[in-house]
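Note: hydrogens, waters and symmetry copies are ignored here, and every other heavy atom, side chains too, is used. On a predicted model such as this, the values are computed, not experimentally measured, just so you know. FYI, the numbering just counts along the sequence from 1.
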Amino acid sequence: MIARPFPWHTPALQTLLHGAFGHHAWLLVGPPGAGTSELAMGFAAALLCRTPDAGQACGKCESCHWWQAGLHPDLRVLTPDEQGEDDEVQKRKEIKIDAVRALMDWAYSSAHAGAKVVVVNPANTLNSNAANALLKLLEEPPPAVRFILTTNDRKRIPATVLSRCVSFPVPLPSAQRASEWLKSEAIPAAQIGLLLAQAGGLPLQAKALADDTMQALRQKFLEALSSPRELSALTWGDAIERVGKAEKRDALSNYLDWLIAWTHDVSAVKAAGLPRYNPDFTPSIEKCAKSLHTIGCFRYYANLIRQKRLVQHPLNARLVLEDVLIGYKNLVVAI
C-alpha cells in the first residue's frame, strides 16, 4: 500500500512537501507513539509521486505503483532491522556502516523519476561509523537525493549530522482528534481517556496499551508501588526472570515506563498538581506524595531516564528492576 500519514499529520506533510526542494535533508523529531515513522514514509511517498495531491502521494502514477509493489528503484530505507535468508526480519540494535556504504553508488546514479529518497529510521540507531559515512553524503549530497531522518531524541544524533539537517517537530493530535482516531481503531470508548492519559496523549502508544494482559500487569505493579513498605523488589525480580529471553527487554521497558510515569505523577502532586499519567490511582499517589523527598525524587527520576535509555543494551533485566524498586522504597520509606 502507498504510505499514508495519520489525519493529524496532513498539514505537516503539506508544509514539508512545500519546502522539500529548498533543503536536501530533514530530521523529523517526535516522541514514540506520535507516528514519526509513518510521517517520514508519507513524506517520502509524496516526494517520489509524480502528481501529489494536497501533500500526499496520488496512489495512481507509475511511481506510486512501484511503491505499492515494494520495488521503488528511487527509495532506500535504512533501519536497524535486517532481512534474513529465510525472509524473516531480524531485529538489530543499530544501523551499521555497510548499510550506508551500499547507498554510495546508488545515490550518485541517475534517478528513474526525477528524485531519490533515503529514509533513515531512526537515525539515532546509526553507529558512529555509519553516522560518519552518512555525514559524507549529507555534506556533498547528489543533487537529486533527499534525506529524511527520524528520531525521538535529538541528543542522540551527532552534532555534525544535526547541522546538515532541517529539524521538524512532529505535530501531536488534540485530545479530541486522538480520541476520534482511537474510536476508528475499535478501541472501546470507555477506555480511551485512561489509555490516552497513560500514553501522555500519544494515540499510537495508547492503542498499543489497549491490551488486557498488559493492563492487568500495570494494575498489579501500580498497586505494589502504592504500598512501598510491602513492596518486594525480589518478587518483581523473580517475575521478570520468568519472562522469555526475547521478551525480557520489552518487559523491563514497560516496568521502567510505569515507574517513570508514577514518579512524575507523585512529584506533580507534591507540587500541588494533578496526576497526568495515572488518574485512576490518584488517592495512592497523593498518599505517596506526602512523605516524598523532593530533591531525592528528582535524582531518582533522572536515574530512571538513564536506565530507560540503556534498556536495549546488554543489561541484566532482573538486577536493573530490583535496583530501581529498592531506590523507590528508599525514596518513600516513611509511608
Side-chain angles (χ1 to χ4, degrees), residues 1-6 8-9 12-13 16-17 20 23-49 56-57 66-68 70-84 88-104 106-107 115-135 137-138 141 145-158 160-162 164-172 202-205 207-208 250 253 309 311-312:
M1 291 181 61
I2 200 71
R4 297 292 185 193
F6 292 106
W8 58 90
H9 286 160
L13 191 55
L16 286 166
L17 193 60
H23 308 285
H24 70 281
W26 293 78
L27 177 65
L28 308 186
V29 184
T36 305
S37 297
E38 290 79 1
L39 178 58
M41 296 307 291
F43 184 23
L47 283 173
L48 292 170
C49 178
Q56 298 189 36
W66 284 338
W67 183 292
Q68 290 165 339
L71 300 170
H72 205 298
D74 294 330
L75 174 69
R76 291 292 184 273
V77 180
L78 302 188
T79 72
D81 301 336
E82 297 177 359
Q83 196 81 16
E88 290 189 6
V89 175
Q90 299 177 358
K91 298 290 184 181
R92 305 294 186 191
K93 297 175 185 176
E94 58 183 25
I95 299 172
K96 299 180 179 179
I97 190 171
D98 290 344
V100 181
R101 283 174 175 164
L103 287 175
M104 299 298 185
W106 172 85
K116 290 187 169 190
V117 177
V118 177
V119 178
V120 186
N121 182 39
N124 50 269
T125 59
L126 289 161
N127 67 26
S128 58
N129 290 332
N132 288 334
L134 181 65
L135 179 61
L137 274 175
L138 294 175
V145 180
R146 297 292 177 269
F147 297 86
I148 305 171
L149 287 66
T150 73
T151 188
N152 59 16
D153 188 353
R154 279 174 49 92
K155 295 178 182 177
R156 297 171 65 189
I157 306 292
T160 49
V161 173
L162 279 176
R164 269 72 181 181
C165 300
V166 175
S167 290
F168 187 89
V170 176
L172 304 180
L202 300 170
L204 273 69
Q205 194 164 333
K207 181 182 177 182
D250 287 341
S253 181
R309 287 176 174 169
V311 78
Q312 295 304 323

Can you give me the closest heavy-atom contact between Leu204 and Glu38, atom names plus distance?
CD2-OE2, 3.9 Å
Can you find a pair of side-chain heavy atoms, one from Leu134 and one from Leu149, that are under 4.5 Å apart?
yes
So do Leu126 and Glu94 actually touch side chain to side chain, heavy atoms under 4.5 Å?
no
Stepwise side-chain contact (heavy atoms from CB on, under 4.5 Å) test for Leu39 and Leu13
CA-CA 7 Å; Leu39 178 58; Leu13 191 55; 4.2 Å; yes
Compare all side-chain heavy atoms of Leu28 with those of Leu16 and state whether any distance is below 4.5 angstrom.
yes
Quick check: do Pro122 and Asn152 have side-chain heavy atoms less than 4.5 Å from each other?
no
For the student: nearest non-hydrogen atoms of Leu135 and Thr160, plus distance:
CD1-O, 3.5 Å
On a heavy-atom basis, which atom in Ala34 and which in Val170 lie closest, and how many Å separate them?
O-CG1, 4.1 Å
Quick one: pull up NE2 in His23 and CZ in Phe168 and give me the separation to the nearest 0.5 Å.
11.0 Å
Exercise: identify the closest heavy-atom pair between Trp106 and Val117:
CH2-O, 3.7 Å
Ser37 and Asn121 side chains, donor-acceptor separation under 3.5 Å
yes
Met41 side chain reached by Val119 side chain, heavy atoms, under 4.5 Å:
yes
Nearest-0.5 Å distance that lies between atom CG in Leu17 and atom CZ in Phe43
6.5 Å
Can you name the nearest heavy-atom pair linking Leu78 to Ala99, along with the distance?
CD2-O, 3.9 Å
Arg164, CZ: over 12 other non-hydrogen atoms inside 6.0 angstrom:
yes
Taking side-chain contact (heavy atoms from CB on, under 4.5 Å) as the criterion, tell me which of Val120, Val118, Leu47 meets it with Ile148.
Leu47
Approximate separation, where rounding is to 0.5 Å, of Lys96 NZ and Thr125 OG1:
12.0 Å
State whether a side-chain donor-acceptor pair under 3.5 Å links Thr151 with Arg156.
no
Given side-chain contact (heavy atoms from CB on, under 4.5 Å), test Leu138 with Val161 step by step and report yes or no.
CA-CA 8 Å; Leu138 294 175; Val161 173; 3.9 Å; yes
Between Phe6 and Trp8, how do the two ring planes meet: parallel, tilted or perpendicular, split at 30° and 60°?
parallel
To check you understand the geometry: which heavy-atom pair defines the closest contact between Pro80 and Lys93, and what is its length?
CB-C, 4.1 Å
Does any non-hydrogen side-chain atom of Phe147 lie less than 4.5 Å from one of Cys165?
no
With a 4.5 Å cut-off on side-chain heavy atoms, are Leu75 and Trp67 touching?
yes
To the nearest 0.5 Å, what is the distance between CG on Leu48 and CZ on Arg146?
11.0 Å
Taking the side chain as every heavy atom from C-beta outward, state whether His24 and Val145 have any pair of such atoms under 4.5 Å apart.
no
